[in-house]
Amino acid sequence: MTYLFISDLHLSPDHPRLVRGFLALLKEYQTKNTQLYILGDWFNAWIGDDYTAPWLDEIINALQKFSSAGNQVYFQVGNRDFALGQKFLDQFDGILLPDVYNLEINHMKIRLEHGDALCTDDIAYQRFRKVIRNPVLLGLIKRTPLSFRQKLANGFRKKSSETKQLKSYDIMDVNAQAVQSAIEQVDYLIHGHTHRPEIHQIQNKQRIVLGDWRTDSAWILELNEQKNYKIDFKKWSY
């Protein structure tokens, strides 16, 4: 059994190299009895499970082949694709996980999350997150026309880009107290969002930050039964 953790791919038709990289990853791990965990921001934006496009069809087809080979895909929403639901995942028997998910592998207790909820110093973002993730509001947005949702997503991305330029890196990074609280009951905390790949030692525990995907490489975390589930955090080139 192989457990594979990735995040922050930000796939879109505007960045075909990233799409190629993800397809290459599926092909690489297709015969390795893989449990693939995607911890948010799989897509650069997600306007609804009713969205269709040729570039997305290629991804779905590859995921169907991946699942048919006996592998499993798990997904946690991120700040870019929080509208992605089980309906989309059903096309390849994927499983939607809650915002925080506890996993045990070989007696190792692991907490998985996207990571944006740990950035509590960014008060403005946390307020926005609470509003936009409200199930009632999200349900109303999903009922609007695709064209409206596309404009809304473009507006969110533009606003996010402009806001980031005005904020310090410290504010947009995780809060130490939030991390301490999150890791208290587990051995490992694995998350993405900050785009700062690193393994942080916290006493006898570890916080592993997954990196964002680039045009030719990505940070991936692998736990493999054949290697006694030793943590293999590496830069994977494609």
Side-chain angles (χ1 to χ4, degrees), residues 3-12 15 18-19 21-22 25-26 34-49 51 56 59-60 63 72-90 92 94-103 110-120 122 125-126 128-135 138 141-142 149 153 156-157 159-161 163-164 172-175 178-179 182-183 186 188-200 207-214 218-223 233 236:
Y3 294 85
L4 184 63
F5 304 88
I6 59 176
S7 72
D8 299 280
L9 290 75
H10 296 280
L11 302 185
S12 78
H15 299 284
L18 297 180
V19 175
F22 179 62
L25 185 78
L26 293 178
T34 303
Q35 302 283 301
L36 174 61
Y37 289 83
I38 306 173
L39 308 188
D41 285 5
W42 186 3
F43 297 95
N44 200 38
W46 191 259
I47 60 175
D49 290 355
Y51 169 72
L56 189 58
I59 292 174
I60 293 170
L63 286 164
Q72 182 66 61
V73 178
Y74 299 90
F75 173 69
Q76 283 181 316
V77 300
N79 55 294
R80 295 295 188 95
D81 48 17
F82 56 84
L84 197 154
Q86 186 60 53
K87 183 178 179 182
F88 173 75
L89 299 172
D90 283 343
F92 46 89
I95 297 175
L96 181 65
L97 298 178
D99 288 349
V100 174
Y101 184 73
N102 290 319
L103 177 68
I110 303 170
R111 172 172 168 142
L112 307 177
E113 59 183 291
H114 177 57
D116 56 334
L118 299 171
C119 303
T120 56
D122 193 345
Y125 170 71
Q126 294 302 331
F128 170 77
R129 183 180 186 274
K130 186 177 181 179
V131 171
I132 199 66
R133 297 283 292 274
N134 183 292
L138 194 55
I141 292 175
K142 288 180 178 180
R149 280 178 267 155
F156 284 159
R157 287 202 305 269
K159 180 69 173 178
S160 176
S161 179
T163 303
K164 282 182 179 179
M172 292 187 291
D173 204 354
V174 297
N175 173 276
V179 168
I183 206 171
V186 297
Y188 299 89
L189 168 62
I190 303 175
H191 70 84
H193 181 65
T194 64
H195 300 184
R196 302 177 187 182
E198 188 69 65
I199 296 181
H200 300 271
R207 175 171 71 96
I208 304 174
V209 186
L210 304 172
D212 59 320
W213 283 44
R214 304 301 173 91
W219 283 93
I220 63 175
L221 172 62
E222 179 182 331
L223 298 175
F233 189 41
W236 180 72

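Nearest heavy atom pair, residue W213 against residue W236, reads CH2-CZ3, 4.4 Å. Nearest heavy atom pair, residue D8 against residue G211, reads CB-O, 4.2 Å. Heavy atoms only, all atoms of each residue included: C119 and T194 are closest at SG-CG2, 4.4 Å. Minimum heavy-atom separation, I95 to L89: C-CD1, 3.7 Å. The heavy-atom pair separating L63 from F22 by the smallest distance is CD2-CZ, 4.0 Å. Across every non-hydrogen atom of L112 and Q76, the tightest pair is O-NE2, 3.0 Å.
Atom CG in D122 sits 11.0 Å away from atom CG in D173 (nearest 0.5 Å). Atoms NE2 and CD1, on H114 and I38 in that order, are 13.0 Å from each other to the nearest 0.5 Å. In this structure, CZ on F233 lies 6.5 Å from CG on L221, to the nearest 0.5 angstrom. Rounded to the nearest 0.5 angstrom, I190 CD1 and Y37 OH are separated by 10.0 Å.
Side-chain contact check for F43 versus I59: some heavy-atom pair is nearer than 4.5 Å. At least one side-chain heavy atom of I6 sits less than 4.5 Å from a side-chain heavy atom of L36.
Using modelled atom types, no side-chain atom of Q72 and backbone atom of T34 make a donor-acceptor pair closer than 3.5 Å. In this structure, the side chain of N79 does not engage the main chain of D41 through any donor-acceptor pair within 3.5 Å. The backbone N or O of H200 sits nowhere less than 3.5 Å from a side-chain atom of R207 that would complete a donor-acceptor pair. Judged by distance alone, with hydrogens and angles left aside, the side-chain atoms of D81 form a donor-acceptor pair with the main-chain N or O of G78 at under 3.5 Å. Side-chain atoms of H191 do not come within 3.5 Å of backbone N or O of V209 as any donor-acceptor pair.
Applying the side-chain hydrogen bond (donor to acceptor under 3.5 Å, both in side chains) criterion to N44, with sequence neighbours excluded, gives H10, R80. In this structure R129 satisfies the salt bridge (charged side-chain N to carboxylate O under 4.0 Å, His left out) test together with D99, D116, sequence neighbours excluded. For Q86, the side-chain hydrogen bond (donor to acceptor under 3.5 Å, both in side chains) partners at least two apart in sequence or on another chain are D90. Residues satisfying the side-chain contact (heavy atoms from CB on, under 4.5 Å) criterion with I132, sequence neighbours excluded, are F82, F128, L137, I141, F156. By the salt bridge (charged side-chain N to carboxylate O under 4.0 Å, His left out) test, R111 pairs with E113, sequence neighbours left out. Take D49 and apply the side-chain contact (heavy atoms from CB on, under 4.5 Å) test, not counting sequence neighbours, and it matches W46, L84, K87, F88.
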>> Please determine whether side-chain contact (heavy atoms from CB on, under 4.5 Å) holds for the pair I208 and F5, giving the CA-CA distance in whole Å, both sets of side-chain angles, and the decisive distance to 0.1 Å.
In response: CA-CA 10 Å; I208 304 174; F5 304 88; over 6 Å; no
> When you look at L210 and W219, which way does the side-chain contact (heavy atoms from CB on, under 4.5 Å) test go after all the steps?
Replying inline: CA-CA 6 Å; L210 304 172; W219 283 93; 5.8 Å; no
>> The test is side-chain contact (heavy atoms from CB on, under 4.5 Å); show your working for L223 and Y188 and say whether it passes.
In response: CA-CA 13 Å; L223 298 175; Y188 299 89; over 6 Å; no
